[in-house]
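Reading through the structure tokens given below for one structure.
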Protein chains: 2
Amino acid sequence: MKPQYTSVWGRLAAEGARPPKKDASTSQAQIVRATIELLDAEGLDALSMRRLGTKLSMGATSIYWYVANKVELLDLAMDEVFGEIALPVGGGLHWQEAASVFAHSLRQALLRHPWAIKLLGSRPSLGPNALILAEKAMILFEDAGFHGPAIDHAVNTLTAYVMGVTASESGWYEMVAATGLSPKQWLEQNESAVVASMAGRPTLHALYERTRESGDLRDDMIDRFAFGLSCVLDGLAARLPR
Amino acid sequence: MKPQYTSVWGRLAAEGARPPKKDASTSQAQIVRATIELLDAEGLDALSMRRLGTKLSMGATSIYWYVANKVELLDLAMDEVFGEIALPVGGGLHWQEAASVFAHSLRQALLRHPWAIKLLGSRPSLGPNALILAEKAMILFEDAGFHGPAIDHAVNTLTAYVMGVTASESGWYEMVAATGLSPKQWLEQNESAVVASMAGRPTLHALYERTRESGDLRDDMIDRFAFGLSCVLDGLAARLPR
DNA sequence: GACGCTCTCGTACAGTGTGCGAATGCAATC
DNA sequence: GATTGCATTCGCACACTGTACGAGAGCGTC
């Protein structure tokens, strides 16, 4: 039975101490950078190999010399995003502060690259930057005093929360952006529809009113994020063995 | 400026008290049901209008009589999933128990329909079942004693956590399933690659060893889920005004 | 000059979502 | 019963997708 590679990383590792083949790897880096630019600017659906090729002034199929296929390219782009995320470990910070920095950094990276959030659910992250980050996260909670499986559980709880909030936040932004309206305009324009659908749902309706009247929606989102984050961190602290 | 509909729900609400046109809506229900069957059985990528058409014994383009386009169809399917989720409210349960039931139910629904998790990040959920669920969730935390924005924050914290863990859990299952191997086999087969990539990352490596030696991976996943869930619930409880 | 290796790209194939317009079937009206 | 009109189906076409294939270009080494 031949081995089944499920990602770039598996393939690379299996090929052994890979000869980096300098030119090829720098070209690959350029391709990945262009990919991220295109994704950031126009979204996941706008990325096609042909468009990427013209952006790079090369034929669409030439890209395949540096990259096995489109999902591998996306894996590489994802790992680049993981490289942007800060996790200050070993700097004398209290673990809750370090975890908070990490959480905010993760959220911001995902909001900067909304396409990344859609890919997160699709495939596990096993690239070098993702592994470095995972290792740092585990060290963070190990130093905090967790042991054994609890380390893994703590890391997962925190990242799961951040990924979850950020996914819905970014989904909301994208939907609004798709109409070309500002969030405030969107709320006003859809007022009748939303209100109608909320007939008989007073609690939801009250939330809608609060949202519509609030000042800056981005600020609300940050408050919301901070609320949940402190819940998670408190819950983790309560599970620290003493 | 003509209104920009961003989803089925906006369009339906704007069309006013819609004449349900009985035949059409039952056919739409059949289409949605077939869609979900196809998605469950073969995944998001396998859903094409042509395949769905043959499954329904109709031409691909006939589907467009009942459904405006593919993303609207997916919105409808998503809302069906929301309909499967239990949230026992007003039954005399302690709020933490009810929240826990909800969390497990949400996780299981998403694991039953792994495609749904990938769509969750893409667009906000505004279908009728989603709204009912949101309303129930807000009532749950209102009854628990939260006030004002904290109600919304509590709901979001809990659902964000569940969505986040479940996304990575299901991503892992999908990746393993794509190789046709069992999770145990996958770990064995990829041992050398994984271990190599974890050189110099002792903490991560220790996690890998624990995972590889553990009995049932599904059980581990449930433990992990329960750990984070209790963190979140504890954190929420600590924020209850008293 | 001949080889081999790295790299580019044109062409082609099978597939996608969906707009359009012609065709069908069926119910109500004359 | 014939005719009209509407609901519904569907074949075709278009522009587009990822990528396999194979022909070629440029270049360093014998």
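Order of the sequence lines fixes the chain letters, A, B, ..., with proteins taken first and strands second; residue numbering starts at 1 for each chain.
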Side-chain ion pair, B/Glu169 and B/Arg107, N-O less than 4.0 Å: yes

Cation-aromatic face contact A/Arg218/A/Tyr173, 6.0 Å, 45 degrees: yes

Member of A/Val81, A/Leu39, A/Asp75, A/Leu74 meeting the side chain to side chain contact (heavy atoms under 4.5 Å, CB included) criterion with A/Leu119: A/Leu74

Residues A/Glu188, A/Arg212: salt bridge by 4.0 Å N-O rule: no

Length of the CD1-C1' vector between A/Ile63 and C/dG10, whole Å: 15 Å

Protein-nucleotide distance (B/Leu56, atom CG; D/dT9, atom P), rounded to Å: 11 Å

Distance below 4.0 Å between B/Trp65 side-chain N/O and D/dT9 OP1 or OP2: no

Earlier contact from the 5' end, DNA chain D, for B/Gly59 and A/Ala68: B/Gly59

Residue B/Asn69, side-chain heavy atoms: nucleotide from C/dT8, D/dT19, C/dT18 that is nearest: C/dT18

hbond_proxy B/Thr61 side chain to C/dG19 base (donor-acceptor, 3.5 Å cutoff): no

Residues A/Arg112, A/Asp40: salt bridge by 4.0 Å N-O rule: no

Atom-pair distance (CE on A/Met58; C1' on C/dT6), nearest Å: 12 Å

Length of the line joining B/Gln30:CD and D/dT8:P, which is rounded to integer Å: 13 Å

Whole angstrom value for the distance that separates P of D/dT19 from CD1 of A/Ile31: 14 Å

Test item: A/Glu174 side-chain N/O and A/Gly171 main-chain N/O as donor-acceptor pair under 3.5 Å: no

Nearest-Å distance for atom pair CD/C1', residues B/Gln28 and D/dT9: 17 Å

Shortest non-hydrogen contact between A/Gln28 and A/Tyr66, atoms and distance: NE2-O, 2.9 Å

Phosphate contact (D/dC10 OP1 or OP2) by B/Ser62 side-chain N/O below 4.0 Å: yes

Between P of C/dT18 and CG of B/Leu52, the distance in whole Å: 12 Å

Under-4.0 Å side-chain N/O to phosphate OP1/OP2 contact, A/Tyr66 with C/dT8: yes

Please enumerate all protein N or O atoms sitting under 3.5 Å from an N or O of nucleotides 13-17 of chain D, with distances to 0.1 Å.
from   : atom 1 : to      : atom 2 : distance (Å)
D/dT17 : OP1    : A/Ser48 : OG     : 3.0

